[in-house]
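Sequence lines set the chain letters: A, B, ... in the order given, protein chains first and strands last, and positions in each chain run from 1.
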Amino acid sequence: MTQFRSELLQTLTARGYLHQCTDLAALDAKAAAGPITGYIGFDATADSLHVGSLVQIMMLRWLQRTGHKPVALMGGGTTKVGDPSGRDETRRLLDDAAIAANIASIQRSFMPFLTFGDGVTDARLVNNADWLDGLRYIEFLRDVGRHFTINRMLAMDSVKMRLEREQPLTFLEFNYMILQGYDFVELHKRHNCTLQLGGSDQWGNIVQGVELGRRMSETELFGFTCPLITTASGAKMGKTAEGAVWLKAERLSPYNYYQYWRNTEDADVGRFLKLFTDMPLDEIARLEKLEGSEINEAKKILALETTTLLHGRDAANEAAETAKRTFEQGGVGGDLPTILIPPAELAAGINVCALLTRAKLADSNGEARRLISGGGAKLNDQKIENDKVVVTDQALVDGIIKLSAGKKRHALVKVG
RNA sequence: GGGCGAGUUGCAGAGCGGUCAAAUGCACCUGACUGUAAAUCAGGCGACUUCGGUCUUCGGUGGUUCAAAUCCAUCCUCGCCCA
């Protein structure tokens, strides 16, 4: 894997980002010759990105760290259309205001990973609404549409899948690949962008852009995709008990983010260290070899490094400290989710089920009851034996009540 | 515009007048075993509950019936075929 001359491709391949590339040798030569500009498009369907997008962000990060210019493209325009790839159903359409709000929020997630500015290798944020919103239909059809044949579009996986499964595919969505292809051409024109990266599910869309570039402006553009990252057991990344693993701290606390990585499967540790941290490869090779319970050390490092990248060193250390106190010493960490109960209410007593629900450890009283009857609920590390227990201020230990659902989910109750 | 078919609890997908809060699979949660892992096994998985029940759900709305996810009408959405 060291046959590449460019640091970019050496790094990307060694760390496991390569899935497919339109022309590895040519891209290698170009990257070795000088800085190139590469971009990745991001959907604006939610107000925060989640771990699923992290591989993409890391690719941009490496692009920058190996001396090139990354462009993060916000899909302000394409989100109005909806990418049919990998979906059976049409995406819910968002209005302009929602999309604008999402973009504003998403942008902040890039800040810790990339250096922005106007320098040669400084990262840029671009919104494709800037050129897509103003398109004139007939003109666009004649200039761009004529380069696409329906024959080829029907052969696209995303299209075929819908048709084969007899799921609807609207003309609106059908246009998505054309717009994404056009993005590439436009970015090349505006920012001299010659490389598009993305997840393997974007391959079809990316290739369309590469070909469109050749037809419209006779330039060679490159496409590069990374594998779809799944856990060793085949599950898609990014789900926990609480839902998606968001990158925004408001959506998912640094502590929970840390825990997500801490709970990585054994078989994934090495791969994830390469993909999601900046650690040197020889160091990763050493950690990867750990076996049995020792691999937990590698997981702690993975969790600490990934959390540091996103939330900063201080927040990561705090999360690690809380995890250590909570799990290794059976104590109470200050970073756990906390709810406040008015003193009078606590003095009067609250049923445990209600309390578990309020601490968001259960969705309903019924679920709390089930949790208790299953033996999974704990109050100050003591198993709650029945759902009639009433919690009063007598349960306070140093002003805190610790509630647990299972071994991993904890919350604190304080008076306030 | 015409003909046919479909819309069920997170997803997939049974049910086709009472025994249906609704089979089964996946996902998810908890327990046991462990290493905050995986695998395996066990339990759970609409809400409320004085644990006897009560209430809300099967695209929407109105009917028929003692009784409807199941029958009828109508509307909406989607698919297939024809125009």
*asked:* Once ring pair (Phe, Tyr, Trp, His ring centres under 6.0 Å) is applied, do any residues pair with His311(A), and if so which ones, sequence neighbours excluded?
replied: Tyr257(A)
*Could you measure between the two C1' atoms, the one in rA21(B) and the one in rU9(B), and give it in whole Å?*
8 Å
*If you check the Arg369(A) side chain, which of rC51(B), rA37(B), rG44(B) turns out closest?*
rC51(B)
*5' precedence on RNA chain B between Tyr258(A) and Leu371(A) (nearest-nucleotide basis)*: Leu371(A)
*Could you give the distance separating rU56(B) and rU40(B) at their P atoms, to the nearest angstrom?*
41 Å
*Which residues pass the side chain to side chain donor-acceptor pair (under 3.5 Å) test with Glu294(A), sequence neighbours left out?*
none
*Does Ser293(A) have any side chain to side chain contact (heavy atoms under 4.5 Å, CB included) partners at least two apart in sequence or in another chain, and if so, which?*
Asn296(A)
*How about His147(A) and Tyr182(A): are their ring centroids closer than 6.0 Å?*
no
*On a whole-Å scale, what distance lies between the C1' atoms belonging to rC41(B) and rU8(B)?*
32 Å
*Under 4.0 angstrom, heavy atoms only, what part of the nucleic acid is Ala405(A) near: base, sugar-phosphate, or nothing?*
sugar-phosphate
*Identify whether any heavy atom of Thr264(A) sits under 4.0 Å from a base atom; if not, whether one sits that close to sugar-phosphate; answer base, sugar-phosphate or nothing.*
sugar-phosphate
*Near RNA chain B, under 4.0 Å by heavy atom, which residues of residues 286-295 of chain A?*
Gly292(A), Ser293(A), Ile295(A)
_Over all strands shown, is Gln259(A) touching base, sugar-phosphate only, or nothing at heavy-atom distances under 4.0 angstrom?_
base
*For the side chain of Lys299(A), starting at C-beta, report the closest nucleotide among rG35(B), rG44(B), rU49(B).*
rG35(B)
*Same-atom distance (P) from rC55(B) to rA37(B), integer angstrom*: 43 Å
*Would you indicate which nucleotide in rA32(B), rC48(B), rG35(B) comes nearest to any side-chain atom of Lys407(A)?*
rA32(B)
*With both distances under 3.5 Å as the test, what is the Watson-Crick or G-U wobble partner of rC48(B)?*
rG53(B)
*Provide the distance between the two C1' atoms, one in rG53(B) and one in rG43(B), to the nearest whole Å.*
23 Å
_In whole Å, measure the gap between the P atoms of rU19(B) and rU54(B) for me._
13 Å
*Is there a Watson-Crick or G-U wobble partner for rC26(B) with both distances under 3.5 Å, and which nucleotide is it?*
rG10(B)
_Between Tyr17(A) and Phe224(A), is the ring centroid distance below 6.0 Å?_
no
*Just call it for Arg262(A): base, sugar-phosphate, or nothing, with non-hydrogen atoms closer than 4.0 Å on any strand.*
base
*From rA38(B), rU36(B), rC48(B), pick the nucleotide closest to the side chain of Ala323(A)?*
rU36(B)
*Can you list the residues that meet the salt bridge (Lys or Arg N to Asp or Glu O under 4.0 Å) rule with Arg136(A), with sequence neighbours excluded?*
Glu139(A)
_Ring centres under 6.0 Å, that's the criterion: do Phe184(A) and Tyr39(A) meet it?_
yes
*Among rG35(B), rC51(B), rU30(B), which nucleotide sits nearest the side chain of Arg409(A)?*
rU30(B)
_Pairwise C1' distance, rC71(B) and rC26(B) [rounded to whole Å]_ = 33 Å
*Does any pair with a residue in residues 310-321 of chain A pass salt bridge (charged side-chain N to carboxylate O under 4.0 Å, His left out), and if so which ones, sequence neighbours excluded?*
Glu321(A)-Arg325(A)
_Nucleotide nearest Ser364(A) when distance is taken to its side chain, options rU36(B), rC48(B), rG35(B)_ = rC48(B)
*asked:* Quick check: on RNA chain B, is the nucleotide nearest Gly375(A) upstream (toward 5') of the one nearest Asn263(A), or the reverse? Name the residue that is more 5'.
replied: Gly375(A)
